Amino acid sequence: MEPEIYRQMGLTDEEFDRIKEILGREPNYVEVGMFAVMWSEHCGYKSSRPVLKLFPTKAPWVLQGPGENAGIVDIGDGQAVVFKIESHNHPSAIEPFQGAATGVGGIVRDIFAMGARPIAVLDSLRFGPLDDPRTRYLMGGVVGGIAFYGNCLGLPTVGGEVYFEPSYAGNPLVNAMAVGLIEQKNIRRGTAAGVGNAVMLIGARTGRDGIHGATFASEELSEASEERRPSVQVGDPFREKLLIEACLEIINEDLVIGMQDMGAAGITSSSCEMAARAGTGMEIDIALVPRREEGMTPYEVMLSESQERMLLVPKKGAEERIRAICRRWGLEAVIIGRVTGDGLMRIMENGRVVAEVPARALTDQCPVYERERRRPAYLDEVRQRDLRRLPQPEDYGQVLLGLLAAPNLASKEWVYRQYDYMVRTDTVAGPGGDAAILRVKGTSKGLALTVDGNGRYCYLDPERGGAIAVAEAARNLACVGARPLAITDCLNFGNPEKPEVAWQFYQAVMGMSRACEVLQTPVTGGNVSFYNETESGAIYPTPVVGMVGLLPDIEKRCGMGFRREGDLLIMVGETYPEIGGSEYLATFHGLVAGEPPALDLEREKAVQALVREAIAAGLVTAAHDCAEGGLAVALAESALAGGLGAEVELASDLRPDYLLFSESQSRILLAVAPEAGDRVLDLAREKGLPVTVIGRCGGHSLAVRINGRTLFNLSLEEMGKQWRESIPVLMAR
Amino acid sequence: MKFGVIVFPGSNCDQDVHYALGSVLGQHVDYLWHGDTSVSGYDCLILPGGFSYGDYLRAGAIARFAPIMPAVIDFARSGGLVLGICNGFQILLEAGLLPGAMMRNACLQFRCQWTYLKVENNATPFTNRFREGQVIRIPIAHGEGNYYADAATLAQLEANRQVVLRYCTPGGEVIPAANPNGSVGNIAGIINREGNVLGMMPHPERCAEGILGGTDGRELFASIVDCWQRGERLGA
Amino acid sequence: MLLAKIHVTLKPGVLDPQGEAVGKGLRAMGYDGVAAVRVGKYLEVMLDLDDREEAGRQVEEMCRRLLANPVIEEYRYSLEAYAGERP
Amino acid sequence: MLLAKIHVTLKPGVLDPQGEAVGKGLRAMGYDGVAAVRVGKYLEVMLDLDDREEAGRQVEEMCRRLLANPVIEEYRYSLEAYAGERP
Ligand SMILES: Nc1ncnc2c1ncn2[C@@H]1O[C@H](COP(=O)(O)OP(=O)(O)O)[C@@H](O)[C@H]1O
Ligand SMILES: [Mg+2]
């Protein structure tokens, strides 16, 4: 075979030699195609696998860790939550609407492939600055695509995050997380067990969509990738909705052994992964695969990434019943092959073998690379910047108003009002709060969900930034009263073949692992997206954490809005002069520099435990973490959320801008009834936590005094206008 | 009283309506399959929200040809109570059980939000628990809720008091600023001339319990039950 | 095989928010000459029929019953022989 | 005034879920002869221009930049004199 051929598919000479060695012969074109996609970074995790091993993955409540379509955690009563996050960055950069839509479709399929009823979606987005028309086009398309797909499926998109930074301008990030609920007895895994069992394909017909999408996602974006555009798939949420209902009926009637969605690398990946997990093989006749287009070659059929398809291994004798269920839902279901005992993927076309490779050669024998790591040179420059001489603002009210209008902090209602976040009637707290809360019908339980990540912190210190992403997610859950259970993560980075990126990746995973250990939130799965680069450089290293938590009694939940006139405002935790990497520093001083805030994980854990305990005891009327924008922004957000102002009196030696806008970690702002104040203070002191009464709720404005001097007094109206209108106005340009 | 919730391919609020009627209000409720041809034995039919047939072509356009629809139409013509919510409303319009048509939201985007609604007519089987002019709060979630009817049809609707719900401010003002989708006359819900078929864009099943942020939807469903218990079955 | 080409457009007088948005977008991009835009649908229906008259009757009916909503839309169509690939 | 009539259709091979659903709907209504349906857009752009060449250049550009999504769609257009009512 000409080297040009396999190189174009993304294989190196060494990898090609390895294939020859495994097979003991020259592979044919179809086989090379199968290896190329399965050994791509996207499917094979060849640069990340050794590093991902660092993640803690076990806890008594983790029923399924990494390695399956999605992770599973126990929530009691024989029920479990299934969840996973995935990126669709590259497709969305090329075609934002369809790219984001099919991203939602794909991650939702991972959830019902495990047998779970999907119940919610969250999204984590990164774009360039909003004053760029291209960003507005991308954001409009991405949000529209997520809305189109999720709304049509009848899944509430209950939370998410959106950030704007120049580093994402050419390479936006679109990560979608899906969550499902399951009776534990219904859990299915993606295995093809039972020699002689049929292999069925259900759902959409196969077309020439997205051939080599996986390889595509494993390259930097360039002029050349523009030309590969036809590889972008179009989503059909209507068909996926039918697929969900049909698959859940099939699960409920206990008709399948294993099931897997077809995402990247289509039939190739789903079939060989199912076989490899079971230690079996498969014989597939691709002539039996229903096509949308004429004249497709075996190569095209095997690699097509047509959406809305599932691969099933039925129990013996269940084939007819599965067909009948699919027919009722208007879906095609065909037997395309059977499970074999020889460990081989044998692909036939009308009886002629077109490819024959060991299933495990495609999965487990994917080469693994220990990438060279080097601390990037930029770090010294940005970290050592002296931030002590920055000019102090004159008008703090203006600074706060400006921060509220900064797109990273402004209300994201423009985004989530396009998402149906109420369908399924379980959304007790939707987007806009610290974490979404879903009730579990028929129980007193609630699920709390959040996604978090701060690329700026990770750029300045990936280890700390990674740890903060986990800590902040857990803190968000604590603020609503939930105990965090586990995480799923999406690791968005540049080109791992560059030692600097490999270093960032390793550091971020170390930091996340450390935080997961201490906070007892194991990793149950996730996704790695490398090659997020354009000609102008890599994105900020951006690990995104999706976290699931449990509220044993949903009646004991908390929101972030101030609710009662006269309630005391209590700050748990301490503010340090930490403005490195802050939104204040970026917005007012135009700097992304310094050290991100320090994180003491033991302190973090104690703060969260305290807040949960106080909420469970019914002592708290509002809780909100101090995150980006610092204390001042946290106060404003809680005031706006509740439509109630506050008077705050701070005493401190810190510079006022540091005090107000520092992003010190492990701080949570509480509102408590005056009569409950002492109990909260006592609880905190018992745990050795710093705690301060800083003011009271009331009125229609937010007034802040420091050491007796009024720094600002802003009406809710004024603040609300800046905060609410910023993004709609920018998007309407 | 027996409710039937019709399940079209792509319906996605069917389970929510079922839960609100069955578990919250304790009524008897069954799913009815779009491929069936009979609705006999039911006292009220609900066409739920969602994206029947993906809402492809026009929302509700394909669903109205589902095998069950002739039975629904007969049921409605003989005075049976029919409630179309969101996509269900769109199907009723396409089926000609209600006048007018639905267009894309004027903002060209999907909108999910709480809305305030003015009860313009409480003398219906669906709104009798409200006061006339009462302002209620029910969420919407749709991309095609921009109700349109020509001037003559509108005049008739107004003259017959067929406009049942209008988007308004919390204070009850029916003004453009309170209109989330560009709907003519801020119309959120209309009833047929005979008064037994209501179509509404807002989702009452999403506010039938306090934990979801409101209970006005429960009152709407309870109105139907009250009406039926008083034996006010119209027509037939 | 016959191919029906069908245009479904909004009736004159029915507001077209999408057309307006597109017009606004074009003007914002500098196309000052754009006076108005109307957005409609274009459908191609491939028919396994050879009898043109029968096909015409059917397409007319499809338009009336499903493809256009007579409250807001109007339609027109043409029929031609189709020799291309069977889709 | 000139009127540009623009057809935006999906590229061959690109999945058309809408067309598939409409085709299925039509067959379910009894039109067995329906072999396939593709759904596209039809736009009319009224232009306050008289120079056809200039207009053609502009319409071509509008299609490429805004009206069609080159990743999945293709377009064609025609220009004609427009004498009707100013919309
Ligand atoms: N960042 C990560 N952390 C932990 N596990 C991961 C991570 N990325 C991927 N995995 C695990 O590797 C397996 C393969 O991932 P992926 O290829 O994304 O799954 P899929 O085939 O569903 O797309 C999954 O079980 C996933 O959970
Ligand atoms: Mg999977």
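This is a predicted model, so every value here is computed, not measured. So that the names make sense, note that chain A is the first sequence line, chain B the second, and so on, each numbered from 1.
Among the candidates A:L153, A:N151, A:D426, A:L155, the residue making the largest number of heavy-atom pairs closer than 4.5 Å to chain B is A:N151. Between chain B and the options A:C152, A:P237, A:A147, A:A429, the largest number of non-hydrogen pairs under 4.5 Å is found for A:C152. Each of A:R328, A:K241, A:E413, A:E555 has some count of heavy-atom pairs under 4.5 Å with chain B, and the biggest count is that of A:R328. Heavy-atom pairs under 4.5 Å with chain A were tallied for B:E205, B:H142, B:R111, B:H203; the largest tally goes to B:R111.
When the shell of 6.0 Å around NE2 of B:H28 is examined, it contains more than 12 heavy atoms from other residues, nucleotides or ligands. Heavy atoms of other residues, nucleotides or ligands lying less than 6.0 angstrom from CD of B:Q113 number more than 12.
Aromatic pair B:W33/A:W329: ring centres closer than 6.0 Å. Taking the six-membered ring wherever Trp is involved, the centroid distance between the rings of B:Y167 and B:Y116 does not fall below 6.0 Å.
For B:Y19, the part sitting under 4.5 Å from any heavy atom of chain A is the side chain, from C-beta outward, and nothing else. Contacts of B:S11 with chain A are made by backbone atoms alone, with heavy-atom separations under 4.5 Å and no side-chain atom involved. The contact between B:Q15 and chain A is made entirely by side chain atoms (from C-beta outward), counting heavy-atom distances below 4.5 Å. Both the backbone and the side chain of A:T425 have a heavy atom closer than 4.5 Å to some heavy atom of chain B. Only the backbone of A:Y419 comes within contact range of chain B, judged by heavy atoms closer than 4.5 Å.
Using cut-offs of 30° and 60° on the angle between ring planes, the pair B:Y56 and A:F238 is perpendicular. Using cut-offs of 30° and 60° for the angle between ring planes, the A:F97 and A:F148 rings count as tilted.
The CG atom of B:L32 sits 8.5 Å away from atom OG of B:S38, with the distance rounded to the nearest 0.5 Å.
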